[in-house]
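Structure, as structure tokens:
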Amino acid sequence: MSLYRNFAWFAKGLTEFTKNPFLAASKRFVEKDLEVSLAGRVFMITGANSGIGKATATAIAKRGGTVHMVCRNKDKAEEARAEIVKETGNKEIYVHILDLSETKKVWEFAEGFKRKYKTLNVLINNAGAIMSQREVNTEGLEKSFATNVLGVYILTKCLIPLIEKSADPRVITVSSGGMLVQKLRIGNLQSDRGRYDGTMVYAQHKRQQVVLTEQWAKAHPNIHFSVMHPGWVDTTTVANAMPDFHRSMRSSLRTPEQGADTVVWLAVSEAAAKNPSGRFYQDRAMVPAHLPLAWTHSSPLEEQKLVALLDDMAKTFQPH
């Protein structure tokens with residue numbers, strides 16, 4: 001990461017990603033955008049038992065939507081489900097246990113979901129992992145890559161046929177402002193060369209999610225794809241992965257509900273669906289996916305190569 005990118009990103013973060021910029025941006029939000037009934041609409045949210053995912057699930061449940069919570073920890077997921085049901089009165093909340101870092105199980109889960117359920121209007125890819133040191137899963141894949149990129153790719157790819165035939169279909173992926181300091185790199189997907197910096201690896205994965213969203217939008221014009229930055233949010237993941245940052249910035253961080261606001265808007269509002277597919281969002285507005293003069297743009301060939309690599313990799317774990 002260049003010194004310029006680092007400085008430009010942090011300056012942007014202080015003026016755009018914290019709590020006060022959200023409060024300022026919210027003054028232009030259109031209240032009726034979220035005044036919708038979601039009865040009969042079905043949503044899947046990964047990482048839905050805490051933080052942004054739980055806030056999103058609660059907001060959708062309040063509006064009558066059916067929510068499929070895809071979570072790694074059964075006890076935490078069931079506890080979160082009970083809290084959401086109690087708060088919203090909506091019992092159409094279902095828990096599915098899946099660790100997105102277990103690649104073959106992602107395939108099995110998605111295929112099983114398609115067999116069991118006939119509708120999925122909206123997929124929200126929210127779960128993510130930041131590793132403090134490089135770890136591999138039982139399949140030999142670097143864990144954060146398996147979770148943040150390959151798991152998201154397989155889940156989305158496998159569910160697209162179901163989403164595509166549902167009404168007003170959408171896919172939203174929760175990215176991060178950290179991706180702004182990263183140029184797409186496809187030569188070290190497993191982060192097995194050079195020093196392992198978990199925060200930068202995560203940022204690279206979030207750049208890859210932006211590229212995937214753009215590519216999916218081109219390939220599947222009947223689905224509205226979007227990717228968004230929730231701002232700097234006070235979550236357990238941030239506290240554990242970046243303790244120094246969390247400690248110094250805590251009073252300025254957004255609440256999970258503030259972080260989830262644009263996710264919910266993208267998932268349920270008519271206004272969001274009128275925008276072009278494949279774009280990057282922040283505070284309910286389309287924003288550039290690159291910092292000015294940061295040299296983070298990649299070529300169409302590189303972006304297509306990423307999809308091809310992931311497709312080949314995914315197929316090796318596909319159950320037969």
Side-chain angles (χ1 to χ4, degrees), residues 44 46-47 68 70 72 96-118 120 122-129 131 134-166 169-175 179 182 184-193 201-202 204-223 225 227 277-278 298-320:
M44 180 185 288
T46 63
H68 291 277
V70 178
R72 187 176 55 181
H96 306 269
I97 304 306
L98 174 68
D99 186 337
L100 279 167
S101 75
E102 297 178 353
T103 311
K104 190 174 181 182
K105 288 184 179 177
V106 179
W107 270 118
E108 291 169 348
F109 165 75
E111 293 290 356
F113 189 90
K114 283 193 299 188
R115 286 194 296 270
K116 186 172 182 180
Y117 299 97
K118 302 303 178 192
L120 179 60
V122 181
L123 169 63
I124 299 172
N125 291 310
N126 166 71
M131 311 298 292
R134 189 177 186 275
E135 294 180 38
V136 296
N137 65 10
T138 55
E139 296 152 324
L141 297 171
E142 193 270 323
K143 268 193 174 182
S144 63
F145 167 77
T147 302
N148 301 331
V149 184
L150 191 58
V152 169
Y153 178 80
I154 292 171
L155 185 65
T156 305
K157 176 186 171 68
C158 191
L159 291 176
I160 276 174
L162 179 60
I163 298 167
E164 212 160 22
K165 69 180 185 181
S166 303
R170 309 184 192 192
V171 175
I172 299 105
T173 300
V174 179
S175 183
M179 70 92 195
Q182 290 285 321
L184 176 66
R185 294 195 317 270
I186 56 175
N188 191 23
L189 292 178
Q190 298 296 320
S191 303
D192 53 359
R193 296 199 298 276
V201 168
Y202 178 78
Q204 172 62 207
H205 294 161
K206 294 300 172 177
R207 168 60 70 191
Q208 291 170 17
Q209 289 179 350
V210 171
V211 170
L212 284 176
T213 298
E214 294 166 351
Q215 294 299 306
W216 283 328
K218 292 173 186 174
H220 305 281
N222 295 329
I223 299 175
F225 290 89
V227 59
S277 183
S298 45
S299 70
L301 190 61
E302 288 174 303
E303 293 171 358
Q304 291 159 16
K305 183 76 180 295
L306 172 67
V307 176
L309 287 169
L310 293 177
D311 208 49
D312 288 345
M313 202 177 293
K315 284 173 184 172
T316 66
F317 298 99
Q318 186 172 4
H320 298 291

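Note that these values count all heavy atoms, side chains included, but never hydrogens, waters or copies made by symmetry. The first residue in the sequence is number 1, and the count goes up from there.
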Tell me, with the steps shown, if L141 and M313 meet side chain to side chain contact (heavy atoms under 4.5 Å, CB included).
CA-CA 10 Å; L141 297 171; M313 202 177 293; 4.2 Å; yes

Could you walk me through whether R134 and Q190 satisfy the side chain to side chain contact (heavy atoms under 4.5 Å, CB included) test, starting with their C-alpha distance in whole Å, then the side-chain angles of each, then the deciding distance to 0.1 Å, before giving a yes or no?
CA-CA 9 Å; R134 189 177 186 275; Q190 298 296 320; 3.8 Å; yes

Are E139 and T103 close enough, and set up right, to give a side chain to side chain donor-acceptor pair (under 3.5 Å), and what steps lead you there?
CA-CA 8 Å; E139 296 152 324; T103 311; 3.2 Å; yes

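No side-chain donor-acceptor contact under 3.5 Å links T147 to the backbone of G128. Distance alone, capped at 3.5 Å, is enough to place a donor-acceptor pair between the K114 side chain and the C158 backbone. Distance alone, capped at 3.5 Å, places no donor-acceptor pair between the N148 side chain and the V152 backbone. The main-chain N or O of P169 is never found under 3.5 Å from a side-chain atom of S166 such that the two would form a donor-acceptor pair. A donor-acceptor pair is defined here as one N or O able to donate and one able to accept, closer than 3.5 Å; such a pair exists between the side chain of N188 and the backbone of R193. Distance alone, capped at 3.5 Å, places no donor-acceptor pair between the R207 side chain and the R185 backbone.
The minimum heavy-atom distance between S298 and E303, with the atom names listed, is OG-OE2, 2.9 Å. The shortest non-hydrogen separation linking L155 to A110 is CD1-CB, 4.1 Å. Shown here for A217 and S277, the closest heavy-atom pair between the two residues is CB-OG, 3.4 Å. Residues K143 and N137 share a closest heavy-atom pair of CG-N, 3.9 Å. Taking every heavy atom of both residues into account, P221 and K218 meet most closely at CD-O, 4.0 Å. Between N126 and G47, the shortest heavy-atom distance links the atoms ND2-O, 3.0 Å.
Checking Q182 against Q204 by side-chain atom types alone, a donor-acceptor pair falls below 3.5 Å. Counted by atom type alone, Q209 and K206 present one or more donor-acceptor pairs between their side chains at under 3.5 Å.
Aromatic ring pairs are classed by plane angle as parallel below 30°, tilted from 30° to 60° and perpendicular above 60°; the pair H68 and F113 is perpendicular.
To the nearest 0.5 Å, atom CG of residue L189 and atom CG of residue L306 are 6.5 Å apart. Rounded to the nearest 0.5 angstrom, I186 CD1 and L301 CG are separated by 7.5 Å. Atoms CH2 and NZ, from W107 and K315 in turn, are 8.5 Å apart once rounded to the nearest 0.5 Å. With rounding to the nearest 0.5 Å, the separation of CD1 in I163 from CZ in F225 is 7.0 Å. To the nearest 0.5 angstrom, K104 atom NZ is 10.5 Å from T316 atom OG1. For the atom pair Q215 CD and Q208 CD, the distance stands at 12.5 Å (nearest 0.5 Å).
You'll find the side chain of E142 reaches within 4.5 Å of the side chain of M131, heavy atoms only. A 4.5 Å side-chain heavy-atom check between R72 and L100 finds every atom pair outside the cut-off. Residues E111 and P319 fail the side-chain proximity criterion, which asks for heavy atoms closer than 4.5 Å. Residues D311 and Y153 are in side-chain contact: their nearest non-hydrogen atoms beyond the backbone lie under 4.5 Å apart. L212 has its side chain within reach of L310: a pair of non-hydrogen atoms, C-beta onward, lies under 4.5 Å apart.
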